[in-house]
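We name chains A, B, ... by the order of the sequence lines, and we start the count at 1 in each one.
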Amino acid sequence: MASVSDIKETFFQECDDLLEALNDGLIQIGGQGSPTEVDSETINAIFRAVHSIKGGAAAFRFNALVDFAHAYENTLDAMRAGRLGVTQDLSDLLQRAADHLADHVRAARTGEDLAPSSGTDLLARLSASLSNQGVSNNQDEAPPEFAPLALSFDLGLGLGDDTLSGRKKWRIGFAPAAGFLESGNDPVHILRELAGLGDLDARPNLNRLPALDDLDPEILLLDWQIDLEGALCEDDIRQAFDFVADLCKLEITSLQEVTFAAPAHLPASDAPPAAPLPSVTGPATAAPTPRASLRVDTDHVDRLINLVGELVINQSVLSRSVHEAGLAGQPTLAAGLSDLRNLSREIQEGVMSIRAQPVKPLFQRMARIVRDASDLAGKRVEFLTLGEGTDVDKTVIEQLVDPLTHMVRNAIDHGLETPEARLAAGKPEAGKVRLSAAHRSGRVVIEVSDDGGGINRPKVLHIAQSKGLIAPDATLSDADIDALLFLPGFSTASSVTSLSGRGVGLDVVKSAIRRLGGRLTVASTPGQGTTMSISLPLTLAVLDGMVIEVAGETMVVPIAAIAQTLQPAPDEIDHLGMGSGGMVVRLRDRFIPIVDLGCLLGFRNVAIAPDKMVLLIVETDTGAICALAVDAIHDQQQVVIKGLEANYGRVPFVAAATILGNGRIALILDPEDIIGFDAKAQATLSEKEDLPCLP
Amino acid sequence: MSAMTSAMPEPNRPDISRSEPPQSAANMMEVVTFRVGDQEYCVDIMVVREIRGWTLPTSLPHAPPYVLGVMNLRGTVVPLVDVSARLDLGPSSPDPRHVVIIAMVAEQIVGFLVSAVSRVLSIPRSAIQPAPELAGRPSGPSPAGLIATPEGLLRLIDMGALLPPAGHRISA
């Protein structure tokens with residue numbers, strides 16, 4: 001049996017959906033050209049969402065939430081009744097109230113208390129919006145915390161609300177002709193069909209039944225009075241009787257207009273008195289956006305993903321063995337194998353997509369960040385979103401919240417100019433911030449772009465120089481200058497604002513994105529704006545890897561970390577003194593230390609000869625760089641990530657493992673760890689006796 | 001619903017707690033016996049998941065010498081411990097005739113390379129003697145107990161003791 005906490009959790013999950021529906025509706029209101037002409041259905045949808053949240057919250061006694069939702073609802077109700085016209089101000093107020101409602105829901109979920117003062121301003125504005133219209137509102141003076149306001153489900157739950165939610169009550173008089181059964185029809189089927197349309201209450205009239213001895217089972221002497229309640233119209237009901245229309249008398253009346261009207265032709269006088277109408281369940285039960293969805297434990301899905309990964313590997317092992325056995329020429333075998341391969345790929349894609357969710361909720365959260373940030377920065381911002389339906393792995397979405405928040409704030413705070421500067425530049429006062437998501441060649445690309453002044457490169461350069469991040473006389477390309485933004489501790493804001501400028505900046509964003517196996521790039525045109533792009537793998541379970549060979553072992557290096565690969569010419573490699581024990585490679589006038597992977601991992605004692613080595617230039621977020629010497633580069637491929645830690649523990653220099661097409665395990669290296677170790681090793685190497693790898 | 005259930009009288013059930021479990025089952029232990037080199041060992045059957053043939057593992061960097069690497073057990077990455085090396089009997093030179101005992105030890109799935117698996121034995125717990133402390137014994141875990149069988153000495157091994165000590169890390 002579901003415990004209270006389960007039910008609560010369900011309520012909060014519904015709240016998420018309802019808040020999403022609420023935001024959808026608000027966007028429609030805000031987005032309509034003439035704000036006074038707002039679709040009444042949209043307002044109804046918004047009202048329903050708020051009302052449903054209130055109803056559920058009341059059941060769990062989340063009083064603060066209920067109070068606020070109620071005040072909100074009052075304003076919406078006035079709009080619904082046409083007493084309140086939609087203006088830009090009102091639309092803005094509704095949006096902010098929705099934000100605050102979401103805060104309340106979150107507070108109720110986590111059990112924390114919102115600051116008592118929070119929301120009083122909004123409550124005042126909400127009630128002011130009503131008093132402007134001369135609508136009386138009992139809640140006006142009540143402070144939000146003032147405890148048990150008499151809020152309950154019967155508030156405003158008249159029949160009107162039923163029409164609102166699309167639910168109607170119908171009374172159907174159904175009197176089959178005596179020969180009804182002869183045609184092979186059965187009233188049970190019809191009643192069942194009706195029951196599928198809504199809440200059914202069917203009462204048979206037994207008056208015409210003769211004594212049992214006289215009963216002819218083939219003649220139908222029953223008729224029914226049926227009450228049906230649901231979101232349906234008369235045609236829906238008539239459809240159920242389509243096949244028997246000429247075999248029965250049918251009378252359909254809406255109970256909204258008629259409180260009690262037994263069809264005249266029915267001998268209804270002795271029928272049991274109509275039961276009092278069931279107490280209205282209220283719009284709270286009518287989900288505003290019925291989405292056919294299934295809530296499944298993520299563990300189940302992950303297990304499935306794991307198993308399917310195995311299936312794919314098994315399939316490739318099988319097909320390899322068939323090949324090696326020289327059987328590949330057998331047409332039926334070859335065809336069967338190729339079918340198996342296609343099937344397993346399809347299953348894999350299907351299973352992977354279970355974890356995927358649209359980025360829409362994430363984007364809606366960002367809409368709120370934009371509102372808050374534009375208030376603080378004193379800039380008007382027009383926020384556009386594109387590709388909200390793009391599916392991304394659920395875990396990725398969760399982990400994108402912080403970096404994306406930072407990027408959006410950054411776009412408003414640093415990207416957009418002040419309103420005066422914009423006007424002076426001949427741009428509209430309101431700046432544009434655009435958030436878009438799209439699938440591009442097997443990856444998800446999320447972009448935050450603004451139409452601001454672009455990166456002020458001279459300023460960036462100056463700051464980097466004054467902070468000692470680069471040499472005073474360094475000459476850098478535009479791209480190099482843009483990359484300075486991602487250096488730790490870099491912040492261009494001249495004054496520390498509450499939005500950004502605390503020195504925690506894009507470097508944090510960059511490492512967060514990299515942890516997700518993604519890349520962050522920036523493009524900027526002076527005077528026209530800046531675009532930051534995040535490119536992510538479709539799922540965290542898969543990684544783009546470079547398959548390499550080191551001392552006979554096959555390994556994988558995440559491509560996200562690889563800046564470049566090269567086969568160095570002998571004169572590009574320099575040996576440093578024996579004391580430091582290493583070699584460096586010259587790359588565009590920069591000396592990069594070479595780390596022999598085989599030695600580092602303890603697979604061999606002597607480094608590979610310089611003329612045989614292939615170098616992978618890997619880079620960390622902090623700009624640390626090194627060249628990994630490997631024996632060979634085989635292939636680039638997407639590999640499924642398998643944890644090592646559960647059964648063994650952490651392995652130095654190794655992030656995870658994967659299983660290759662031949663069924664063997666390959667280790668996925670952790671470049672951060674390698675570079676970090678190498679830096680330490682450089683510092684202490686001369687003191688160590690068991691020097692690895694002296695060439 | 002719940003009111004109805006509580007109103008129902010508790011059905012009379014036979015008191016099964018009185019009949020004691022048979023003497024033998026409680027005091028017997030089932031073990032899987034295996035050979036490492038020329039020594040006979042055994043392990044509690046409850047930790048054994050399955051027994052597989054040897055396949056070439058993937059080496060792990062900076063692992064102790066007795067950790068041969070990791071192997072693919074139907075998609076799970078499983079470390080492989082050379083029991084012979086771990087018990088200081090010298091490293092095995094594994095070939096496909098060697099056998100891997102897959103065991104569940106402290107929530108970890110681990111493979112143990114042994115020379116051969118012999119049989120399943122039921123032994124009385126009272127027959128297990130504590131292993132004597134041996135002076136000058138080489139390092140490595142000692143058996144959890146000794147069992148004298150008609151065929152010779154059987155060493156009871158606690159697989160958990162064969163794992164690398166916790167926190168084994170390369171010292172950077």
Exercise. Quick one: CE on Met71(B) to CD1 on Ile659(A), what's the gap to the nearest 0.5 Å?
Worked result: 11.0 Å
Exercise. Using a cut-off of under 4.5 Å for heavy-atom pairs, which of Leu56(B), Val110(B), Thr76(B), Val78(B) has the most such pairs with chain A?
Worked result: Leu56(B)
Seminar exercise, completed: Pair count under 4.5 Å, heavy atoms only, with chain A: among Pro61(B), Pro57(B), Pro79(B), highest is Pro61(B)
Counting only heavy atoms not in [X], do more than 12 sit closer than 6.0 Å to its [atom1] atom?
X: Arg52(B); atom1: CZ; result: yes
X: His323(A); atom1: NE2; result: no
X: Met104(B); atom1: CE; result: yes
X: Glu151(B); atom1: CD; result: yes

Seminar exercise, completed: In terms of heavy-atom contacts, Pro652(A) and His62(B) come closest through CG-CB, 4.1 Å
Problem set entry | Exercise: identify the closest heavy-atom pair between Tyr648(A) and Leu60(B) | CE2-CD1, 3.6 Å
Exercise. Does the Asn647(A) side chain pair with the main chain of Val77(B), one donor and one acceptor, at a distance under 3.5 Å?
Worked result: yes
Exercise. Is chain B contacted by the side chain of Ile665(A), its backbone, both, or neither, given a heavy-atom distance below 4.5 Å?
Worked result: both
Exercise. Are Thr58(B) and Leu667(A) close enough that some pair of their side-chain heavy atoms sits under 4.5 Å apart?
Worked result: yes
Problem set entry | Side chain / backbone / both / neither for Val105(B) at chain A, heavy atoms under 4.5 Å | neither
